[in-house]
Amino acid sequence: MIDQIEDTQVVRDLMKNKIIFTLVAIAIIFIASKLILNILRRLINKLLDGKAVQKSSLNQNKVNTISSAIYSVVRVVIIFIAITLILDVFGINTSTLIATAGVGGVAIALGTQTVIEDFIKGILIIVDDKIRVGEWIKVAGIEGEVEDIDFRVTKVRDFNGSLHIIPNSQITSVQNFNRGEMIADTTFSVSYDTPLDEIKEMVDDISKKLLDKEENKDLFIERFKIFEINSLEAFSYKVRITATVKDGEQWQIGRQAREMIKYEMEKRKIKSALVEYEENEEI
């Protein structure tokens, strides 16, 4: 008798409708979650890009960091709510599930101490403003540009393009290359038969040419000058020159200086350590 009832068209239609209802409900939850996340993302960006924030002393990189962290928390909450609603659609008692999770919370916490440490450290990193998105840093043995900071991990992309995902608990000390004035420097060798006064003149010319470049406008705080005779070698002495520049510009200014030193040494026929060494070897 029961088999006959189950075979009836009405029951089959009801079962079919229930499956369709379940699929539609899941689709609606998924789409709604996606829309809510997009709306909240725009709202967070709008609030943090508002006039009040722009007039404040907050650095744009810091604003981006805070925005990313807030969105990470919101995303976790929305995903949790969406999963709960989907479980309800399947008839699973989520209140019991949540209660069970609460009872087992202590046990879970004991097994996830590192995750908790990551979370707390992430909050401190953001609140203390140690690093910001877009800054070049060295942390946990990794040097590169900060791409993202959330409450669990910090993402750093190195010079070679590799992305390093660093748990916040591993961030104990930070070397930040984008805070305050920076030193651009380079070292080069010249043979002992080159007068130091000629080197001073060459460095002065190089400094003027770098300052006159349009691309370097407003980048220099102090021009290049001889910082020291770095060392006295067998056939040469090493000269170190330094300049004070805006943060983040020290590397490209250093590259320009090294290129110009090479041109000037060729132009002035100043011998390097290698040339002098080879000549002495021939003798």
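The figures here come from the full heavy-atom set of this structure, side chains too, leaving out hydrogens, waters and symmetry mates. All residue numbers in this chain count up from 1 along the given sequence.
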I'd like to know if the side chain of Ser162 pairs up with that of Asn160 as donor and acceptor (distance under 3.5 Å, no hydrogens or angles considered).
no
d(Phe235 CZ, Lys271 NZ) to nearest 0.5 Å is 13.0 Å
Is a side-chain donor or acceptor of Ser33 paired with a backbone partner of Ile29 at a separation under 3.5 angstrom?
yes
So CD of Glu117 and CD1 of Ile120: to nearest 0.5 Å the spacing works out to 8.0 Å
Please state whether the rings of Tyr237 and Tyr192 are parallel, tilted or perpendicular, taking 30° and 60° as the class boundaries.
tilted
Within the 4.5 Å heavy-atom criterion, are Arg179 and Glu135 side-chain neighbours or not?
yes
Less than 4.5 Å apart, side chain to side chain, heavy atoms only: is that true for Arg41 and Arg75?
no
How long is the span from the OG1 atom in Thr154 to the NZ atom in Lys130, to the nearest 0.5 Å?
10.5 Å
Looking only at atom types and distance, does a side-chain atom of Glu198 sit under 3.5 Å from a main-chain N or O of Pro195, one as donor and one as acceptor?
no
Can you establish whether the number of heavy atoms outside Lys262 located under 6.0 Å from its atom NZ is more than 12?
no
Over all heavy atoms of both residues, which pair between Gly180 and Asp247 is shortest? Give the atoms and the distance, please.
O-CB, 3.1 Å
Side chain to side chain contact (heavy atoms under 4.5 Å, CB included) between Leu196 and Ile229, intermediate numbers included:
CA-CA 10 Å; Leu196 185 57; Ile229 303 299; 3.8 Å; yes
Using the rule given for salt bridge (charged side-chain N to carboxylate O under 4.0 Å, His left out), can you reason through Asp205 versus Arg268, listing the C-alpha separation, both sets of side-chain angles and the distance that settles it, and then say yes or no?
CA-CA 12 Å; Asp205 286 346; Arg268 297 166 183 265; 2.5 Å; yes
Distance-only, no hydrogens or angles: does the Lys246 side chain make a donor-acceptor pair with backbone N or O of Asp218 under 3.5 Å?
yes
Taking Arg223 as the fixed residue, which of Thr242, Thr244, Asp204 is the one that meets the side chain to side chain contact (heavy atoms under 4.5 Å, CB included) rule?
Asp204
Could you tell me the separation between the NZ atom of Lys213 and the CD1 atom of Ile253, rounded to the nearest 0.5 Å?
8.5 Å
If hydrophobic clusters are built from ILVMFWY residues whose side chains come within less than 4.5 Å, do Leu85 and Leu35 share one?
no
Within-4.5 Å side-chain heavy-atom neighbours: Thr187 and Val239:
no
Would the distance check show the side chain of Asp118 and the main-chain N or O of Ser169 forming a donor-acceptor pair, the cut-off being under 3.5 Å?
yes
Val74 side chain reached by Ile36 side chain, heavy atoms, under 4.5 Å
no
Lys200 and Asp197, any side-chain heavy atoms less than 4.5 Å apart
yes
Report yes or no: does Asn176 contribute a side-chain atom to a donor-acceptor pair with the main-chain N or O of Asn178 at less than 3.5 Å?
yes
Closest non-hydrogen atom pair, Ile137 against Val139:
CD1-CG1, 3.5 Å
Does any N or O in the side chain of Lys121 come within less than 3.5 Å of the main-chain N or O of Ile171, such that one atom is a donor and the other an acceptor?
yes
Determine the minimum heavy-atom distance between Thr186 and Ala257, stating which atoms define it.
CG2-CB, 4.4 Å
Heavy atoms, side chains only, cut-off 4.5 Å: are Met202 and Ile270 in contact?
yes
With no hydrogens and no angle check, is any side-chain donor or acceptor of Thr84 less than 3.5 Å from a backbone partner on Phe80?
yes
Smallest heavy-atom separation, Ser231 atom then Glu233 atom, equals OG-OE2, 2.8 Å
Counting N and O atoms only, with roles assigned by atom type, does the side chain of Gln250 sit under 3.5 Å from a partner on the main chain of Gly248, one being a donor and the other an acceptor?
yes
Are Asn230 and Phe188 packed together at the side-chain level, in the sense that at least one heavy-atom pair is separated by less than 4.5 angstrom?
no
Going by side-chain contact (heavy atoms from CB on, under 4.5 Å), name the residues that satisfy it together with Lys138, two or more places apart in sequence or in a different chain.
Glu143, Gln175, Phe177
Does the side chain of Leu163 come within less than 4.5 Å of Asp158's, by heavy atoms?
no
Check this for me: does any side-chain nitrogen of one of Glu145 and Arg157 sit under 4.0 Å from a carboxylate oxygen of the other?
no
Consider side chain to side chain contact (heavy atoms under 4.5 Å, CB included). Of Thr194, Ile199, Val190, which one does Met265 pass it with?
Val190
Atom of Asn168, atom of Asp150 and distance for their closest heavy-atom approach
ND2-O, 3.0 Å
With a 3.5 Å distance limit and no angle check, can you tell me whether Asp148 reaches the backbone of Lys155 through a side-chain donor-acceptor pair?
no
Single hit among Arg258, Lys209, Lys269 for salt bridge (charged side-chain N to carboxylate O under 4.0 Å, His left out) with Glu264
Lys209
Using every non-hydrogen atom in the two residues, find where Ser189 and Ser236 come nearest and quote the distance to one decimal.
CB-OG, 4.1 Å
Inter-residue atom distance Glu249.CD - Gln256.CD, 0.5 Å rounding:
9.5 Å
Rounded at 0.5 Å granularity, tell me how far CG in Leu210 sits from CG in Asn216.
6.0 Å
Are the side chain of Ser207 and the backbone of Phe224 linked by a donor-acceptor contact shorter than 3.5 Å?
yes
